[in-house]
Amino acid sequence: RVFGRVFTYFIGLQFFLVLAFSANAHEIIGILADESYARSAWLIAPLMMAYAFQGVQQYSQFGLLLRKRTKYIGILVMVAAVVNIGLNSIFVPRYGVAGASWTTLASFAGAARHLAGTARLLAMKGRYPADELGDLPAWVRVESVEKLTVPGLQEDRHLVIMSVIA
């Protein structure tokens, strides 16, 4: 029970940080790097989401250890690695660093799949992601897409709320 409550707070904080960093990507790039990197600010959202999923996967490993189901840890890591390598070999030659960021997100999301029925997946997008929503795996259900208003930002922002189907 305590583990579940802490896990909920952990996920909430983690995804709040993802949204905050993604919404302020241009400012962060401006502080950390010179103007030549400004075009890469849009990559922060998928990379932050990828590492949020990795955090969920890492944290949930503790639950698997407590329940003595450690055999699943190796399986999850291997599946995520194979997905990442496979998708990178397809998308990096075609899309460069953008392909790498999206494939990292896909592999980390796959590694968190064992949370089916117990967790929500959040993705921050720019324009309404109609094409991407149609391309989601069968084990992901879109619950809603919320339009976000970010003060000082003129671009569109949407929050996609998804759940994992068992």
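Along the sequence shown, the residues carry numbers beginning at 1. From a predicted model like this one, the values you see are computed outputs, not experimental measurements.
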Applying ring-ring contact (aromatic ring centres under 6.0 Å, His included), name anything that partners [X], two or more places apart in sequence or on another chain.
X: Phe16; result: none
X: Phe21; result: none
X: His158; result: Tyr128

Applied to residues 16-43, the salt bridge (charged side-chain N to carboxylate O under 4.0 Å, His left out) test, sequence neighbours excluded, yields none
Residue pairs meeting salt bridge (charged side-chain N to carboxylate O under 4.0 Å, His left out), one or both in residues 151-160, sequence neighbours left out, come to Lys147-Asp156
Non-hydrogen atoms of [X] and [Y] that approach each other most closely:
X: Ala25; Y: Ile44; answer: CB-CD1, 3.7 Å
X: Pro93; Y: Asn88; answer: CD-O, 3.5 Å
X: Ala41; Y: His26; answer: CB-ND1, 3.5 Å

Residues forming a side-chain contact (heavy atoms from CB on, under 4.5 Å) with [X], sequence neighbours excluded:
X: Val142; answer: Leu133, Leu136, Val145, Val160, Met162
X: Leu87; answer: Val83, Phe91, Thr103, Ala106
X: Ser40; answer: Ile29, Tyr37, Leu43
X: Ala45; answer: Ser22

[X], [Y]: one ILVMFWY side-chain cluster at the under-4.5 Å cut-off?
X: Ile161; Y: Met48; result: yes
X: Phe10; Y: Leu13; result: yes
X: Val6; Y: Ile11; result: yes
X: Val18; Y: Leu32; result: yes
X: Leu17; Y: Leu19; result: yes

Contacts of Glu146 meeting side chain to side chain donor-acceptor pair (under 3.5 Å) (sequence neighbours excluded), chain-then-number -> Ser144
Hits for side chain to side chain donor-acceptor pair (under 3.5 Å) against Asn24, two or more places apart or cross-chain, chain-then-number order -> none
